[in-house]
Amino acid sequence: MPATSPLSSAARSIGASVTLQLNAAAARMRAEGEPVIHLGGGEPESLAPATALTAGIDLLKTGEVRYTPASGTPGMKDAVVAYTEQFYGRSIERTNVMVSAGVKQALMVALMALVDPGDEVVFPVPYWVSYPEMARIAGAVPVPVALEEGAHQPTVAAMEAALTDRTRAVILNSPSNPSGLILDKEFLTGVITMCQARGITVLMDDIYHRLVFGGKITTHCYECTEKSVDEAGILVLNGVSKQYAMTGFRIGWAVGPATLIKAMSNIQSHLSGGPCTISQASAVAALSGDQNSVEDLRDELEERRNETADLLESIPGVELNHPDGTFYCFADFSAFDADSTRLSNLLLEKVQVVTVPGIEFGMEGYLRVSFCGSMKDVREGVRRMRWLLNDNGSAELKAGDRVFAR
Ligand SMILES: Cc1ncc(COP(=O)(O)O)c(C=O)c1O
């Protein structure tokens, strides 16, 4: 009997990344001469550290650009071992490390190593857009856990209620994309302890852990358990994309139990082989070189966070919990439209401002506004939003006109 579709059910259930689609839409509109303001981005505008650039160029000049071991070069693993010692206070071995093409790939490979078809992957709302889709690609069922009415932190009780016999992994992200929320120690300890008791692996997406503001400190997972890295049932994911502004290098890593890392490395060996040789050399240089650029980026982002939050709060009707980290403000716009996709489309169409609808992160009524691009754009973008939503915009909207002509 002929199949009804040549595509797998996983392929049919997956949409393109909305944030990447918005990037493409903004680029297209700009190329057509539209005065687009892009507040939907997810990468710092600063340059990668000079040492990282030089290390890549130096390697290229030798011509010795060949396959590396599937789980990463020994040098890159050693850099991650040192990083883990410095930021997590744990001594690990190379066998506890897998290097990947970004945290995206490390997470995907981890899920492929952990789930069977029909298993469940649990994460709190609002979540990073790719978690549900990654779970689906791996054949699992994504289980988002909604926040309690009026709450900003998820609760251990709500997470526990979502766990079943089919739960294989819980994904936590602190500080969070999109909300900038830092998960507190009580919550982390509660979830980790609960998952350890049930044999569920906790995937800690720490990609923003050094980009935190106001002197706040992120609790890391190993402060919440006495168990060793091999016993704790935790996989920590991190990378160079955000903290070193090295998004295009595509280097991330996973640190966890050697048995899981081995299984993941086997999968990666067939999926893509080792990550880019040149990028690994650059990442080693970034991790082991002068760390001033991370501190400079953090300082810069903190100033931007303060100004962006003030600007958004100057729009009557907008509610915001100031983010404690990352480079996003996740603001409640439900006073204007409970349908975040419609509101985001309206902003794009009428005032050419790109925002990401909250529903993509599992929360209706919200918009994610990035402050990693230029502050000139943030100021102009929020000015247009305020104009459209509060000031004179509504009359023009009724007329159906474009507000900002080419
Ligand atoms: C929470 C979170 N995890 C992972 C990633 C992916 O990072 P990478 O560039 O290392 O694949 C992102 C990128 O936006 C992110 O926001």
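Numbering of ligands and ligand atoms starts at 1, following listing order. The structure displayed is predicted, hence computed values, not measured ones.
The aromatic ring centres of Y366 and F361 sit 6.0 Å or more apart.
Legend: side-chain hydrogen bond (donor to acceptor under 3.5 Å, both in side chains) pairs involving residues 105-118, not counting sequence neighbours, sorted by first then second residue: Q105-Q268, Q105-S272.
Side-chain contact check for T68 and Q280: at least one donor-acceptor pair (N or O, by modelled atom type) lies under 3.5 Å. Side-chain atoms of Q291 and Y244 include a donor-acceptor pair closer than 3.5 Å. Using modelled atom types and a 3.5 Å distance limit, the side chains of D332 and S334 yield a donor-acceptor pair.
Taking the six-membered ring for Trp and thresholds of 30 and 60 degrees, F123 and Y131 have ring planes inclined between 30 and 60 degrees apart.
At a 4.0 Å heavy-atom cut-off, the residues surrounding ligand 1 are G102, V103, K104, W128, Y131, N173, N177, D205, I207, Y208, S241, K242, R250, listed by chain and number.
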